[in-house]
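The structure under discussion appears below in the form of C-alpha cells.
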Amino acid sequence: EVQLVESGGGLVQAGGSLRLSCAASGFTFDDYVIGWFRQAPGKEREGVSCIRNSDGTLFQPDSVKGRFTVFSDKAKNTMYLQMINLKPEDTAVYYCAADRFLVSTTDRLCDEFFFRSWGQGTQVTVSS
C-alpha cells in the first residue's frame, strides 16, 4: 500500500523559505511520478512541481519556476519541495502525490487525474 505523509508547512513572511517533506512507503521511487500540488481557499487544486523519477522530467508552472525545487532522498524514501522567495499568493494547503503513469507531454505530469495516492496535506501561509 502506498502511503504519503507531508510535513514542514507553517507560517512564513513574504520572501522567506520553507521546505516541505513527503515521507513515502509502499513503493519504489524510481518507478513513480511524484507530484506536489496546492489548493488555496476557493480555488482549484493546481500542480506546482511534478517529476518523473525514471528520467528526471519535470513540469512546473511559470508561477513557481526559479523559486520551487524538488528533490528526493532515496535512502529515506522522502521527497522534498524547497520553496524560496515565497509570496502571499503561495498560501495554500500543499499535497504530495504519487503514481505510475505515462503521458505524451510534460505538462500532463501534473494532471491530478493520474494520481491515485495522496498525502494528507500541509498548510503553508505566507504573510505580506
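- Under the 3.5 Å distance criterion, with hydrogens and angles disregarded, no donor-acceptor pair is assigned to the side chains of D30 and T28.
- Taking 4.5 Å as the limit, every side-chain heavy atom of R52 sits out of range of all side-chain heavy atoms of I34.
- Taking CG of N85 as the reference point, atom CZ of R67 lies at 6.0 Å (rounded to 0.5 Å).
- Interatomic distance, L4 CG to S25 OG, rounded to the nearest 0.5 Å: 7.5 Å.
- Aromatic rings from F115 and F101 are positioned such that their centres are separated by under 6.0 Å.
- Using a 4.5 Å heavy-atom threshold, the side chains of N53 and D31 count as separate.
- Aromatic ring pairs are classed by plane angle as parallel below 30°, tilted from 30° to 60° and perpendicular above 60°; the pair Y80 and F71 is parallel.
- Residue pairs meeting the salt bridge (charged side-chain N to carboxylate O under 4.0 Å, His left out) criterion with at least one partner in residues 115-128, sequence neighbours excluded, are D99-R116.
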Discussion item. I'd like to know whether V5 forms a side-chain contact (heavy atoms from CB on, under 4.5 Å) with Q120, so could you lay out the CA-CA distance, the side-chain angles of the two residues, the decisive distance to 0.1 Å, and finally the verdict.
Written reply: CA-CA 6 Å; V5 179; Q120 83 284 359; 4.1 Å; yes
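- The CG atom of L20 sits 8.0 Å away from the OG atom of S7 when rounded to the nearest 0.5 Å.
- Here the side chain of T122 pairs a donor or acceptor atom with the backbone of G9 at under 3.5 angstrom.
- Proximity of a side-chain donor or acceptor of N77 to a complementary backbone N or O of A24 within less than 3.5 Å is detected.
- Hydrophobic clustering (ILVMFWY, side-chain heavy atoms < 4.5 Å, transitive): F59 and F113 are in one cluster.
- Residues W36 and F68 have side chains not in contact (no heavy-atom distance under 4.5 Å, counting atoms from C-beta outward).
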Worksheet item: Could you go step by step and tell me if Q123 and T91 meet the side-chain contact (heavy atoms from CB on, under 4.5 Å) rule?
Response: CA-CA 8 Å; Q123 177 70 47; T91 295; 4.0 Å; yes
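- Counting heavy atoms from C-beta on, the side chains of L109 and F114 never come closer than 4.5 Å.
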Worksheet entry | Verdict with reasoning, R45 to Y95, per side-chain contact (heavy atoms from CB on, under 4.5 Å) | CA-CA 9 Å; R45 188 159 55 188; Y95 302 87; 4.1 Å; yes
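- The closest side-chain heavy-atom distance from V103 to D111 is not below 4.5 Å.
- If you check the side chains of R38 and Y94, you find a donor sitting under 3.5 Å from an acceptor.
- Put simply, NZ on K87 and OG on S128 are 14.0 Å apart, with the number rounded to the nearest 0.5 Å.
- Put simply, the side chain of R19 never gets that close to the backbone of Q82: no donor and acceptor are under 3.5 Å apart.
- Scanning all heavy atoms of the two residues, the minimum distance from A14 to P88 falls at CB-CD, 4.1 Å.
- In this structure, the side chains of M83 and V124 come closer than 4.5 Å at one or more pairs of heavy atoms.
- A single hydrophobic cluster is seen to contain both V48 and L86, as judged by linkage of ILVMFWY side chains at heavy-atom distances under 4.5 Å, directly or through other members.
- When all heavy atoms of F37 and C50 are compared, the pair lying nearest together is CZ-SG, 4.1 Å.
- Side-chain atoms of E6 come within 3.5 Å of backbone N or O of G121 as a donor-acceptor pair.
- The shortest side-chain heavy-atom distance between W118 and E112 falls under the 4.5 Å cut-off.
- With contacts defined as side-chain heavy-atom distances shorter than 4.5 Å, the pair T78/S72 does not qualify.
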Item to complete: Show your working on side-chain hydrogen bond (donor to acceptor under 3.5 Å, both in side chains) between S49 and Q60 and close with a plain yes or no.
Response: CA-CA 5 Å; S49 292; Q60 292 180 315; 2.8 Å; yes
